Amino acid sequence: MKIILLSVIIFFGFLLIYYSILTIAGIYFRQRKIIRKKLDFYPSVAILIPAHNEGIVIRNTLEAMLKLTYPGKMDVYLLDDQSTDETAEIGREFSSSFLNCHYVQVSDGNPKGKSRVLNYGLSITESDYFIIYDADNQPNHDALKLLVEVAEQTPNAAGAIGYVRTINQEKNLLTRMISIEFQVFQLLMQCGRWALFKTGSLPGTNMLLKRSVIEEVGGYDPYALAEDAELTIRITAKDYLLPIVPEAETWEQEPENLRAFIKQRTRWLIGNLYLLEKLFYDPTYWRGKVLYHTGQHLLTYFFFVIMLLFSNTWFVLSLTGVDLPVMTQPLIMIWFLSYLVFSFQIVGSMIFNKNTSAINLIVGMIMYFTYSQLFLILLFRAIYSYSINRVRGKTIAWDKTKRYKEEHVQ
């Protein structure tokens with residue numbers, strides 16, 4: 001038992017050092033001053049917006065896309081996947097009013113979901129680049145221009161990755177926690193990984209990609225529910241880079257209740273379990289920079305939850321008087337350091353996003369004991385669903401995230 005405990009402590013120590021270094025590197029990357037060069041020529045870009053029953057948000061989304069200031073040719077494609085609400089009506093209205101806005105009705109087919117719709121969008125466009133935005137997004141006016149400039153000026157880049165902010169972050173406690181999570185794990189950690197290892201992970205929206213690269217890797221995997229993570233692996237396996245551009249921001253809605261949150265994150269986790277299965281069977285994913293992504297996936301979606309479960313189990317056993325090995329002092333120290341690193345990441349991200357406030361600090365401090373614990377439920381829910389469907393030979397259906405009445409960009 002003591003050997004197991006010692007192994008856990010050593011592994012915890014490794015994680016603390018790794019994430020501390022990553023945080024410092026991310027802060028360094030964010031605070032540096034950048035002077036970007038303008039391009040002599042801006043390549044053509046197709047904006048692809050996959051949509052299914054998005055009538056509640058799509059008008060403001062299309063208006064935001066048409067406000068993008070891009071010096072080159074830019075076309076907006078609303079890819080309507082069999083909507084039964086007013087999405088089609090709004091899409092046709094914009095298509096008839098703006099020459100560079102196109103409403104496209106995607107034919108029905110299987111498997112359902114975002115990947116199939118995006119492959120269809122790629123098949124009907126011819127631009128040099130394409131950029132994906134979810135149907136509830138409102139990018140800042142210069143987001144596309146910044147992404148293209150970085151992609152064109154980074155050798156061997158497959159595209160560029162922007163930052164996704166939460167438009168409804170002040171709605172309630174849950175949306176505030178999601179916003180903080182994105183600040184830390186999607187932005188600060190992404191910046192740290194790019195600064196240290198020159199690796200980036202596609203976030204699913206606000207991501208620019210070069211058409212020639214996507215054609216080379218064979219487009220989207222239509223069975224992948226976490227299509228962004230899956231595509232990241234295949235792009236990296238071809239030795240292409242995905243630079244991070246934190247200044248290129250888009251705003252999107254996040255789930256406002258626990259039910260919607262659990263449905264959305266279960267889908268994400270199922271998608272990542274699918275990816276983990278692919279990783280185990282393909283030796284090309286276990287070398288070079290792909291190995292880093294594979295390890296990061298295992299850390300995030302497996303070891304993190306195992307460590308969380310171990311920590312909780314140990315705590316409960318201690319309360320119930322079970323005779324445990326006497327290693328109290330190191331465990332307390334490790335737990336305290338874990339919480340310190342977690343808090344350091346949250347405060348650091350708030351400072352760089354200029355949203356440090358008393359309420360955000362309080363929420364950030366309780367996230368370890370509340371929000372983080374939800375991932376235990378999510379992982380076991382996802383493992384159960386994935387296993388049942390695999391045994392029955394069923395394709396897991398895409399589960400659309402609930403939208404809310406429109407918010408305005410802050």
Side-chain angles (χ1 to χ4, degrees), residues 36 39 41-51 54 57-58 60-81 91 94 98 100-104 106 114-115 117-154 157-165 186-187 190 200-217 219-220 227-232 235 240-252 409:
R36 299 199 194 285
L39 303 177
F41 172 75
Y42 284 80
S44 59
V45 180
I47 298 173
L48 303 184
I49 308 170
E54 306 286 0
V57 293
I58 201 63
N60 283 0
T61 300
L62 291 174
E63 286 175 352
M65 298 302 160
L66 293 169
K67 288 178 183 173
L68 284 167
T69 52
Y70 182 66
K73 180 174 171 52
M74 179 193 83
D75 286 279
V76 181
Y77 292 87
L78 176 61
L79 305 171
D80 184 2
D81 184 18
F94 273 81
F98 300 93
N100 66 335
C101 188
H102 312 278
Y103 169 77
V104 179
V106 180
K114 186 175 176 180
S115 297
V117 174
L118 288 175
N119 278 337
Y120 185 80
L122 289 172
S123 73
I124 61 166
T125 55
E126 297 178 340
S127 56
D128 301 313
Y129 283 88
F130 65 94
I131 185 166
I132 311 300
Y133 280 112
D134 285 341
D136 61 339
N137 272 220
Q138 295 184 47
N140 289 351
H141 73 93
D142 59 348
L144 175 58
K145 180 172 172 285
L146 292 171
L147 288 168
V148 172
E149 287 175 349
V150 171
E152 284 286 288
Q153 295 174 33
T154 303
I161 298 168
Y163 173 31
V164 183
R165 304 193 70 168
Q186 194 197 83
L187 184 62
Q190 276 266 47
S201 299
L202 298 171
T205 186
N206 202 22
M207 56 186 220
L208 178 83
L209 289 164
K210 195 175 285 183
R211 176 178 300 275
S212 59
V213 173
I214 300 308
E215 289 176 349
E216 183 182 342
V217 302
Y220 282 87
E227 81 292 337
D228 44 356
E230 198 276 341
L231 191 58
T232 297
I235 287 174
Y240 289 109
L241 297 178
L242 292 166
I244 311 299
V245 191
E247 302 83 6
E249 296 180 338
T250 190
W251 298 78
E252 74 171 12
V409 172

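Fair warning: this is a prediction, and the values are worked out from it, not measured in the lab.
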Contact summary for Pro50 and Val117, nearest pair of heavy atoms: CB-CG1, 3.8 Å
Pairwise side-chain contact, Asp81 with Lys114, heavy-atom cut-off 4.5 Å (strictly under): no
Which distance, rounded to the nearest 0.5 Å, do you find between the CG of Asp228 and the OG of Ser115? 8.5 Å
Under 3.5 Å donor-acceptor, Asn60 side chain and Gln138 backbone: no
Any side-chain heavy-atom pair of Phe98 and Val76 under 4.5 Å: no
Look up atom CG in Leu147 and atom CD1 in Ile244, then write down how far apart they are to the nearest 0.5 Å. 10.0 Å
Residue pair Glu216 / Tyr240, side-chain heavy-atom distance below 4.5 Å: yes
Does the side chain of Leu202 reach to within under 4.5 Å of the side chain of Ile235, using non-hydrogen atoms? yes
Are Leu48 and Leu122 packed together at the side-chain level, in the sense that at least one heavy-atom pair is separated by less than 4.5 angstrom? yes
Would you compute the distance between atom OG1 of Thr205 and atom OH of Tyr163 and round it to the nearest 0.5 angstrom? 13.5 Å
Side-chain heavy-atom pair Ile161, Pro203 within 4.5 angstrom cut-off: yes
Looking at every heavy atom in both Cys101 and Leu62, which two are closest together, and how far apart are they? SG-CD2, 4.3 Å
Hey, could you give me the CG/CD1 distance between Leu79 and Ile47, rounded to the nearest 0.5 Å? 11.5 Å
Would you name the heavy atoms of Pro246 and Glu249 that are closest together and state the gap between them? O-CG, 3.7 Å
Inspect the surroundings of CD in Glu215 and state if more than 12 heavy atoms from other residues, nucleotides or ligands are less than 6.0 Å away. yes
Less than 4.5 Å apart, any side-chain heavy atom of Phe130 and any of Ile214? yes
So, taking the atom named CG in Leu68 and the one named CG in Asn100, what distance separates them when rounded to the nearest 0.5 Å? 10.0 Å
Test side-chain contact (heavy atoms from CB on, under 4.5 Å) on Phe94 and Ile58 and set out the steps. CA-CA 10 Å; Phe94 273 81; Ile58 201 63; over 6 Å; no
Compare every heavy atom of Ala135 with every heavy atom of Thr61, then report the nearest pair and how far apart it is. OG1-O, 2.6 Å
Pairing residues for Tyr220 by the side chain to side chain donor-acceptor pair (under 3.5 Å) criterion, not counting sequence neighbours: none
Taking Thr232 for its side chain and Ser201 for its backbone only, find out whether a donor-acceptor pair lies under 3.5 Å. no
Nearest heavy-atom neighbours spanning Gly200 and Gln190: CA-OE1, 3.6 Å
Take the angle between the ring planes of Tyr77 and His102 and call it parallel below 30°, perpendicular above 60°, tilted in between. parallel
Atom pair CG/CG of Leu209 and Leu242 - distance to nearest 0.5 Å: 7.0 Å
So which heavy atom on Ala158 is nearest to which on Val213, and how close? CB-CG1, 3.8 Å
Salt bridge present between Asp128 and Lys73 (N-O < 4.0 angstrom): no
Would you say the side chain of Leu144 lies within less than 4.5 Å of the side chain of Val45, judging by non-hydrogen atoms? yes
Side chain to side chain contact (heavy atoms under 4.5 Å, CB included) partner of Trp251, chosen from Asp136, Asn137, Asn140: Asn140
State whether a side-chain donor-acceptor pair under 3.5 Å links Glu149 with Tyr42. yes
